[in-house]
Structure formats: structure tokens, C-alpha cells
Amino acid sequence: MASLVTSPFTLPTSKADQLSSISQKHYFLHSLLPKKSNQSNSKSSIRVKCAAIGNGLFTQTTQEVRRIVPDKDHGLPTVKVVYVVLEAQYQSSLSAAVRALNQKRTNASFEVVGYLVEELRDESTYKTFCKDLEDANVFIGSLIFVEELALKVKAAVEKERDRLDAVLVFPSMPEVMRLNKLGSFSMSQLGQSKSPFFQLFKKQKQSAGFADSMLKLVRTLPKVLKYLPSDKAQDARLYILSLQFWLGGSPDNLQNFLKMISGSYVPALEGTKIEYADPVLYLDSGIWHPLAPSMYDDVKEYLNWYGTRRDANDKLKSPNAPVIGLVLQRSHIVTGDESHYVAVIMELEARGAKVIPIFAGGLDFSGPVERCLIDPISKKSFANSVISLTGFALVGGPARQDHPRAIEALTKLDVPYIVALPLVFQTTEEWLNSTLGLHPIQVALQVALPELDGGMEPIVFAGRDPRTGKSHALHKRVEQLCTRAIRWAELKRKSKAEKRLAITVFSFPPDKGNVGTAAYLNVFSSIFSVLKDLKRDGYNVEGLPETSEALIEEVIHDKEAQFSSPNLNVAYKMGVREYQSLTPYATALEENWGKAPGNLNSDGENLLVYGKQYGNIFIGVQPTFGYEGDPMRLLFSKSASPHHGFAAYYSFVEKIFRADAVLHFGTHGSLEFMPGKQVGMSDACYPDSLIGNIPNVYYYAANNPSEATIAKRRSYANTISYLTPPAENAGLYKGLKQLSELISSYQSLKDTGRGQQIVSSIISTAKQCNLDKDVKLPDEGEEISAKERDLVVGKVYSKIMEIESRLLPCGLHIIGEPPSAIEAIATLVNIAALNRPEDGISSLPDILAETLGRNIEEVYRGSDKGILKDVELLRQITEASRGAITAFVERTTNKKGQVVDVGDKLSSILGFGINEPWIQYLSNTKFYRADRDKLRVLFEFLGECLKLVVADNELGSLKQALEGKYVEPGPGGDPIRNPKVLPTGKNIHALDPQAIPTTAAMQSAKVVVDRLIERQKAENEGKYPETIALVLWGTDNIKTYGESLGQVLWMIGVRPVADTFGRVNRVETVSLEELGRPRIDVVVNCSGVFRDLFINQMNLLDRAVKMVAELDEPAEQNYVRKHALEQAQTLGIEVREAATRVFSNASGSYSSNINLAVENSSWNDEKQLQDMYLSRKSFAFDCDAPGAGMTEKRKVFEMALSTADATFQNLDSSEISLTDVSHYFDSDPTNLVQNLRKDGKKPNTYIADTTTANAQVRTLSETVRLDARTKLLNPKWYEGMMASGYEGVREIEKRLTNTVGWSATSGQVDNWVYEEANSTFVQDEEMLNRLMNINPNSFRKLVQTFLEANGRGYWETSEDNIDKLRQLYSEVEDKIEGIDR
């Protein structure tokens, strides 16, 4: 109880009054710091900012607040203790223990100083630490899991280890654990020794159960060891007792701990008998409540006590009160640093929710969760939602995690699982002032890892006091956390008929033809399918129209109407007064947008909310950023706040429509990309203010885990994955088809007299198809030898096969309609084309090539070179793969084409060796001798994949989320590389950011870099490129486990080094001999999403580049150093600063805005686009001052870009190519580099394509041509799109607009691409009418884009064509305006 009396929560009235009056004046969080800092707020925040610039690190606290020096005049020996810990919760407890000992003045006086691991980044702090160790007696370390800092601790302590009287290290990295020394006891053999103690460390290293068995051992061992005579046993016993004292954490326990260690090991006290008590043991796990008389081991006992509480109000006693489970860290409770836990418990109870706060002492919380939160008899959860206040993964804390075990426990619990965060490495003020928000290591440990368990809503609920190190609640944040947890709990308790759901659709760029945009998704058909299902399920969906077309009509009202006209359906008009009273942050938006209502989403008097209501379901259109059409705003380096219309939309949804949940429909809106901290939002961050207290469910494409993660972290979304449309091979059409027929007749007739004649036809047809840009063709009449003829035909053939086998997603996905088995064949063929050595699976092409004694890699290389027999063999292998897999799929499906229970069918197939359908198929080909065992292993795997591809859980998961259940987490990414992405309908997560790049990714990266350099040398007179400018994307690095990151490291000649836990936080240089070439300089442009997800890796890259710049190597062998020296001299700065090469946007801003300018035609000339790129992308990350976040370094950025000989990007999965999304050209600096280079030379531009097993490096123009041929101009693709109706027309228009984007940034689009597109979509009368009738707004944009391409000089064409387009434009305008002429 004592702890409660001193906690601030006994003063509710005065405190609350002060708080509410403050929060009415400013909406922002800064006012909610503990009072003392509030008075000096203006001063202190300035002070901290200066300090941040001072050492540039995340925390400016120092060891001095943890230093206690005793009076020297008592003639007692002094014992000096130095400790290093991860978190500060031991600080107050240990300081109290030392002060109490020094007051008693018996036997010894104690001097103590403590460091937080994070502080050791600062050089001067580290020096002080080393100095403190020089005269220390005892060193204590605990939870040291950050490798670079662990190595610093190890280096410092190792120097003094033999001199120190005792070294005690509690669970940490093995390197630090080996420093332990207590008399004859040491752990230097950790992991090698035969003794049972070490076996324990070895045996269960992998699992988090290790922590539990360790705790059991800690309880029993001292009793056993007491009776063993040897010193060694006694020393081991004292080590275990120390661990008990430490885990017991209270000041009493720590006093006895210091007495025991100094009495036993400090020479000055030898012979003095120092009495100490045994450790006071607390429960290892159980239930704790600040008002309860004791900790409980049994949930029934706790609930009995809870039911008899006298202080509880009636709401709490009601059997209908929601129940919230809390997960706490035992060390905070025993060390008395629990005021932030108390605040959450009190807040929940004040809001009428019962709490069951469970804790665990180890790092595995899954046991206590199952024991204390699940009713052993009914197996139902006692809680309606659960909040973990530890911030750690459920199993394994900061060390090794066991996610499958965590998911198993949470699935049994089956309630929403929220993981909130206490600040660990920063003080409250440092976090508030930081644009990054949370410290990157905390993001890795406490945001990324819990996401793998299915945790959501990383809300920062507690801060840390810089002086005492104690945690304190951030009241506004605690209120929000508790309200959101109760709102999730309500979903479990409310009936379906009364639940209200706000479905939100997007509109990019803002235009009538774009309402309901989402990647790969047919939005309105999907919403229709979801609503029909919810209606069947008992939700109130009154007045739902009969078809999805009618639904579009009703939401958009009159499809033909312009967006700016009032014909979009207005669901609500919000007066300015009402808006201001519902939107506390409205005044903060005026700086960017002036007074409400403004001119966006408004009629001049009211703010308009667009959408339509059906019973308890509202379908609303999310407003857009609002600055898309304003070239001046697009130039600002930081993004603008949301506009009044945007804020009004979310105020309406939460406070007028009173939604129980919002469902954001498809990838992706703009809520999560609004300005604010990167991770760990404060009240002043817009995504946090906008989403307010509404549970947020978000349908996200399974192949986009990076942006889904931004939605999870910044808008607290429960992201549910949906499948991208099934892929098909592009196939051949028109002239390309003719070419393929000519080539097969050449193969059968080449040795007759007709060979020469057929080659002439091949050459002329290839020229008609514009293949002469990709393949060097001789003149038509030219006589060439038979060998040369084969080579020409081989090269054309290879190009056609590349087009034919390109994968494309056909049409758009509809939620709740999984692909049929036959549609899944192309996907399976591609899954089968990859070797998976880690699973012991060989690829199908590999198995088939082996049959003929060939290696598939050789065949790929030969085919790339155009060797005719290799091109033909590769075609046969591809055909045989497709045939064998089709035969297999046909056997596992019924007449309707559905997959019948694959398991049974498979066992019957696999049972009869001879009857296996793939063997039957191959027996009629030249591959009849293929290795049966390898085939069987592969097809078992494909059978599993087939089951996953056709599974349908997207609707099921949505309903689970809306019913307040747990949605199982799963990785996002490319289903072909990683079939674990399937089935969809999982809560998508990214990966542990410290796990990349993996060894396999480094292997692939080397191959691509070598091919890139080879290609650049061939096109640049044999010279190496000195600098390559490239882009790092978030999603690509998740899908490929860091391949493009690995490419950058290999270019500069370094390799990543993983620690014991497989985390990559270090690099080492590769010698020039091993590299065999100069180190290539790089300019790295990280997307805003990459910056948010992989800030640790940006730190790693920056350290690597600077390390290479400082190597003592000749300039001609180290271009990084060469350029850094030149730039340092020109700019008058240090070489380290001149070697800045890792750039991105300012924190909280995304993209260069070139995409918005191009999509909205709001730009004057290319110079303007280049200025946007420079102003938005010139923010650098500095590993020497990581806490400073992104700082503008435009001069260095421009100088670095001006040395680029090549620009480079990666394509990593078949669904997204260069013209499918605007991100790729948005990040392309080709024309900009040309303008910056002194010689004005255009850099070569390359695209690496690792979408198939045969990785390619192509030029940008080759890739754009391949893209145009396989998508925009391919009947298979555009007819697939047209089948999706309204949304399909928009997809066609989008591809053309993105092609213009490439013309604008790189000038690498051939004239014929526009010419052919014009003849496909405009010259063809029938096609033109279809487009105009299905979606006139998108068709108008298509016509406008053709005219723009011509007007900007990207497309030269006949006057007739242009006249026809102008005339068409006015016809469509009239049709849209509803004018009949």
C-alpha cells in the first residue's frame, strides 16, 4: 500500500482539473508532462534541442544521475559498484538500497554508478565508463542485448576483469555472459562445458522456455549446492543467489545482495562477517493489483477478491462490465517502478472495465496468459481484450522469440491483442522533441517483434523521468489506450444487428472516375460481396441495392458527373461551429489551410462528407491530401497537415455516425501518411488525432507488407491481407505471334534453301514489332552465314520467349472469390521454378535440365546470349513444366474446377509410383528420365501451395475482427518467393528489421551487382562506373530479405556480420583482392516507408559508407574515398560528413511528389519536377548523430548525384512493374543527374529484374518496352481489365499516365509505345465506345494524357491524330456535363 500513497493517483481532483484546463487550451501533449517540467517547458525544450544537436544521440541522460558517493570520513573501506542495464527500472531501487547501507555505516560504505546501455553510444560517456571501471570492485550487467553496445561493454570489462573482485552478468548476450566471475565460478566456457549448469544454457538456447527452466533452476539449485563441499559449488551457489536477489529487485533484496557479494569477494572485507538475509522470493508469475492484499497465483482467488472490493463502483460490479487483461513485467512491480501500470489500471476501472493484470518474471508470458486469462473448464477467455504493457514479444522478450508458441496462446485467448509501449531509451521530453519518435532499437524490439505475434496499436503510454529513471504515465495517452482497448472489447459484446461500420474508400487522384481506387482490387464488387455476407450474418444493411453497379451509382450518384460538381452523393453537411466543437485540433490545421471550411470538400459554408448510408453501414469517400494540384505546395520539403475536409470526415465517422469500427477498403489511403512522428505517435501527430478512438480494420494487398506496416503503426490498423489477382503468362499476339510461327518454320526448314528467305521475313516482322530496339538486326537484304542466321533468330526467339512467359495479374481481385485451381497454374509453375535448398526442394526446370545432363543456369545464360539450341531447350523445359503441373492440378480438381480435398487426392496420387500424373505427362517428352524422388518432394510441396492459393479466409478474418476476435498474423510479401504469405486473410506483418540482409540475399545481391557492373562496363568503353544512384524500397527488402540492401553493401565492398541471435548490426570490409574491382560509390535514396521500417539498416549503411571513405586505399581503387575527399575540400567539411550517401524524405513525409504532379498534370516543366526531387529527397541520415533524425544536406546530395554514371532500381515480383505504380518514376533521378553532371552526359539507367529464377539486368528503355508489350498493348491484359468494368478502365488510364511519368523523369520511352497505344484505344472505334461508356471520367483522363504527351514533346504523331483527340475530348466533356449537342 505504501507505494500507492506516494503515487500521484491519490490526487485525482486537483490533477485532473489542472489537466483538463490545460488540454482545453492546447490540444497537444507537451502540456501533459509532469508539472515540474511544465513550468520551465519553454526553456527545457530548447535546452534539450541544443543538447540533441550536442551529441546527436537519442538520449542526453548521463550516468551522473545514478552516481552515489559516500562521505569519506568514517574510516570504513569503500566498495565501488558499476552497473549497466537496458532499462532504468533498477535505478531507484538500487539507489535506495545503497543510501540505506551508507546510512547504517557498518562494515563498509558503498559508492555506486549506473549506466543505461544506450548512453554508452556517446564517446565521452564511454570514456567515463572505462574510467569508472579502473577502480571498481564489482561490475553488474543485465539484459545487454544490443550487439554494438554489448561489444563495447565486453571490451571495457575484459580489460579490468582479472582485477575486479566480482563480475556479475544476468541474462544478456553470450559474449557478455562469458565475463561472469565469482571466485572460482566463471562462464568463460559458456556453451562448451559438460557441467549440468552449462548444459541447461546449451540445451534450451532456442526456446523461450529456457527462461522458465532457468527460473525453476534458480529456485532449487542453492538448496542443492549448499551441501556440496567444494568452493566451486559455493561460488556457483552465490551466483544463483545473486540472480534471485536481482530478480527480486526490491531495495531490501538489493541491500542483501550487495552485503553478500562484498562480504564474500572484496579483499578489504575479508574476515569481516557480514550478515545478510536470504532473498525475499516473489511469485514468478501470477496476478497483481495495486489494491490487492497480495499477489495471486490462482485466477479464481483473484476474482473472488475482486468481487468483494469495497471501493468498486456499481459499473465495475455489473456482470456486464467489459474485462480487460493486462500483461505486466514483474521487474517493474518488484522494483517499485509501477506507477505507469497503476495509472492504466485506475483509468480502465474509472471507465467501468474490470482488469486482470498478470505478470511473469521470465521472458515467456504465454504460460501465465493461458493459466490466468482462460477459463480452464469452458476454455473461453475471461477477458474481452488484452493489453501488453511490457512492449515485448509475448514469448522471449528482447532475446530469442518463439512466435508460433505466442500465436498458439493468443489463438486460444481469441481476443484483440494490443501491445503498448513504455519509453525505454528516451526520456519523455526527448521523445516529444524527436521527429523520429521512438528509438530505432525500441522499434525493432518492441514494435516489430510483437507484430509477428499479431500485436497491434503501438501506443506510447508511459514516459521516463530523466532524474530518477522512473516511469510515469502520460495521461492523455493512457486515456486513449484504455478507450481503444474498451472499444475493441465492445466489439466482442455488442450484437451484430446494432454494430455500426464505416467503410472508407479512396479516390486517387481526385476525380469522379477514381472513386474506389485500390491496388489489384475491384473495390465496389468486393464491398458488395462483403455487405451481402454481413447481411446474411445478421448485420443491419438496409436498402442495399441488387448489384455492385447499382452500388457504384448510389455512392457516386451520377457516374458521369464531375468530381467538383455537387453530384457526388453528400451524406452529411457539417457546419463550421459543429466541426470546431467535434475536432479539437481544428485550429492547428489553419496554418496550412486557413480558416474552416476552406474550399476542399466544402460548399463554402459547410464541410461536406461524401458517401451513402445503408442501415448501420456507411460507405464514405476519404478526402485526398488536397495539395495534389498545387505545384507550389508540391515543392515544400515537408508535407502539409490534413485539410479541414479530411478532419471533418473522421470527426463525422467517430462522433456523428458513431462507428464501432472503420474498415479502410484496399491499398491504400492517405490517413497513415499524414505528418507526425515516424513511429510512436504523440497527441500532436495527425494520424493519431484523425483515427481517434475508432477500431481500425484495413484490407491490404498481401504483397505490400511495408505500407501495411505503416498503417499498423501510424493509424493503429488491424491489417487483413487480400490476394492479388491470379497471374497468367503474357502470351503472344499480333506481329509477335506471327514471329513465333516464322521461327518454328525456320527451325524445321533452316537447312533447306528457304533458310535465308525465312530469316529475311523474321527480320522485317521483328522491325514492324519494334524489336530492333532490343535486338541488333542486320539489314533485310544482307547476305549472312548460316551461323550468324542462327544467332539472329536465337536472339529474336529469346526476346519473344521473354515476353510470352512474363507473368501478369489478370483482372482485379474480388474479396471472397478465391482463384479456381486452373487459374492457379501459372502461379504454381513459378513457385516450382525456384530452388529452395533450405527445404531440400529442387526446382522443376533444374530437375528437367539434369535429365539431359545440363545445368539450368548454363541454359539460362545460353538463352540470354541467343544461342538457338539453348533458347529452344529453355522453351521445351518451360512447356514441360507447365504441362506437368497442369496434369497434376487437373487430377486434384472436380468437374467445376474446384480443388477437391487435396490431401486425399494427393495421397492417392503419391501412392502409385507409375500413375503420378506428372510422370505420365513427362513420359511422352524428352524428359521421361526425370528423377522421381526429387519430383515427388517438389509436387508434395506444390500440393500444399495449391491448397493455400485456393483457400478463402478474407471474409472470415474480417468478420473475426469485427466480432472482437484475434486475427492470426502472417507475413506479407510475394506468394511465389514465400508461399507462407498464403492463405490471405491474415493480419499482415513485415519482418524483424535486424534480420536483413540474410546470407541468401547477399548471394543473390552479388550476382546482380556483378551483372550490373559488367553491363555498364560493356556500354561505357570498359570503364567501371564510379558512382551508382539507386533506390531502396520497403516492400522489396521485405520480400527478398534485404537483397537490394545487400547490393549497396557489395558495391562499396563490405559484408554484413550477424550476431549470436542472427541479427545484423555490424559490417566488415572485403579486401580489394577479394573484391577484384574498385569500390563503387553510391547515392542511396530510401523511400519514406523504408526509412520508417528500416532505420537500423540506414544506420548500418551510413556506417559502412563512412568506414569505406576512411580506408587508406588509392583513390582509383576506392571511388567512395575519391569523391568524399574532393567533396570535403570543395565544401570545407570533414571527410566523414562529405561521405554522406544515405538520403530520404524528412521524417513524417513520403515520396518526392513527382507522382502527384504527373498524375494531376500539375507541373510546368521537367526542371520543376527535379526541384521537387531535390527539395524532398535531400534529407540525410547520420550514424554519428542518429537521434537527430533526418537532416537536410542538399549540397552534399547534389554533389554526390553529380558523380553518378548510372541510376538503378530493382523489380522483385511479377505483380508490380515499372508502369503499374507511380512510385518507380517518382524516385527516378535520371534526367536530374544529367543536369547536375559537369559534362551534361545522361547516366545509363538499369533495372534489375529478379522476378524469375533467371535474374536479368536490363536498361530502363528495354524494361519500359517489355512492360508496354506485356501489359498496356497486350489484349490479354487489357481485356482482363475491361472485364472488371468501371475500375478496369481506370487501370488502363493509369498505365498510360505512368508511362508519361517515365518520359518526364528519364526520357526513355520510345515514340512507338504512344503510337501503338493510340491505335489500340483511340483509333479502334469499338474499343473507344466501350471505354467511354464504362467510365467516361477515366476515358477523359486517357485522352487528356495522350494530348499532354504530345504537348510536352514526348510523342510525335500526325496532325490528324491530334485533331481527333481534341475533338474526342470535347465530346467526352459534353457527355460528362450531360449536354446533348
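Because the structure is predicted, anything quoted here is derived from the model rather than measured.
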Lys80 vs Val112, side-chain contact (heavy atoms from CB on, under 4.5 Å): CA-CA, chis, key distance, verdict: CA-CA 6 Å; Lys80 180 172 177 184; Val112 64; over 6 Å; no

Give, for atom [atom1] of [X] and atom [atom2] of [Y], the distance between the pair rounded to the nearest 0.5 Å.
X: Leu474; Y: Leu481; atom1: CG; atom2: CG; value: 11.0 Å
X: Asp297; Y: Cys372; atom1: CG; atom2: SG; value: 7.5 Å
X: Ser242; Y: Phe257; atom1: OG; atom2: CZ; value: 5.0 Å
X: Phe170; Y: Leu143; atom1: CZ; atom2: CG; value: 11.0 Å
X: Thr128; Y: Leu120; atom1: OG1; atom2: CG; value: 10.0 Å
X: Ile486; Y: Ser385; atom1: CD1; atom2: OG; value: 8.0 Å

Residues [X] and [Y]: side-chain donor-acceptor under 3.5 angstrom:
X: Asp132; Y: Tyr115; answer: yes
X: Asp683; Y: Tyr585; answer: no
X: Ser366; Y: Asp364; answer: yes
X: Trp488; Y: Glu457; answer: yes
X: Gln89; Y: Ser331; answer: yes

Output yes when [X] and [Y] qualify as a salt bridge under the 4.0 Å nitrogen-oxygen rule, no when they do not.
X: Glu119; Y: Arg66; value: yes
X: Arg487; Y: Glu490; value: no
X: Arg477; Y: Glu347; value: no
X: Glu64; Y: Arg67; value: yes

Non-hydrogen atoms of [X] and [Y] that approach each other most closely:
X: Ala97; Y: Leu254; result: CB-CB, 3.9 Å
X: Leu291; Y: Arg309; result: CD1-NH2, 3.6 Å
X: Gln91; Y: Tyr83; result: CA-OH, 3.8 Å
X: Thr335; Y: Ser92; result: O-OG, 4.4 Å
X: Arg464; Y: Val424; result: NE-O, 3.1 Å
X: Leu432; Y: Ser682; result: CD2-CB, 4.2 Å

Ring centre gap for Tyr90 and Trp246 strictly below 6.0 Å: yes

Side-chain donor/acceptor of [X] to backbone N/O of [Y], under 3.5 Å:
X: Ser318; Y: Asp314; result: no
X: Asn253; Y: Pro279; result: no
X: Ser339; Y: Ser471; result: yes
X: Gln678; Y: Thr435; result: no
X: Asn256; Y: Asp252; result: yes
X: His332; Y: Asp337; result: yes
X: Ser172; Y: Ile144; result: yes
X: Asp453; Y: Gly455; result: no

task: Tell me whether the guanidinium CZ or amine NZ of Lys677 lies under 6.0 angstrom from the six-membered ring centre of Trp431 and within 45° of its axis.
output: yes

Distance under 6.0 Å and angle within 45° of ring axis: Arg714 vs Tyr716: no

task: Show your working on side chain to side chain donor-acceptor pair (under 3.5 Å) between Thr427 and Glu430 and close with a plain yes or no.
output: CA-CA 5 Å; Thr427 64; Glu430 286 161 353; 3.3 Å; yes

task: Might you confirm whether atom CG of Asp311 has over 12 heavy atoms from other residues, nucleotides or ligands at distances under 6.0 Å?
output: yes

- request: Specify whether Phe245 and Tyr276 have parallel, tilted or perpendicular ring planes, treating 30° as the upper limit for parallel and 60° as the lower limit for perpendicular.
  value: perpendicular

query: What is the ring orientation for His289 with Tyr302, classed by angle as parallel under 30°, tilted 30 to 60°, or perpendicular over 60°?
result: tilted

Do the side chains of [Y] and [X] get nearer than 4.5 Å, heavy atoms only?
X: Ile68; Y: Phe110; value: no
X: Val355; Y: Glu349; value: yes
X: Thr483; Y: Arg351; value: yes
X: Glu111; Y: Val81; value: no
X: Asn696; Y: Asn718; value: no
X: Val299; Y: Phe382; value: yes
X: Pro357; Y: Ile345; value: yes
X: Gln426; Y: Thr61; value: no

- request: Under the side-chain contact (heavy atoms from CB on, under 4.5 Å) rule, what do Val84 and Phe139 come out as? Steps first, then yes or no, please.
  value: CA-CA 8 Å; Val84 175; Phe139 171 76; 3.7 Å; yes

- request: Dump the intermediate steps for side-chain contact (heavy atoms from CB on, under 4.5 Å) on Gln63 and Thr125, then the final yes or no.
  value: CA-CA 8 Å; Gln63 70 287 348; Thr125 307; 3.3 Å; yes

task: Quick one: do Lys354 and Tyr306 satisfy side-chain contact (heavy atoms from CB on, under 4.5 Å)? Show the steps, please.
output: CA-CA 9 Å; Lys354 297 178 178 171; Tyr306 207 88; 3.9 Å; yes

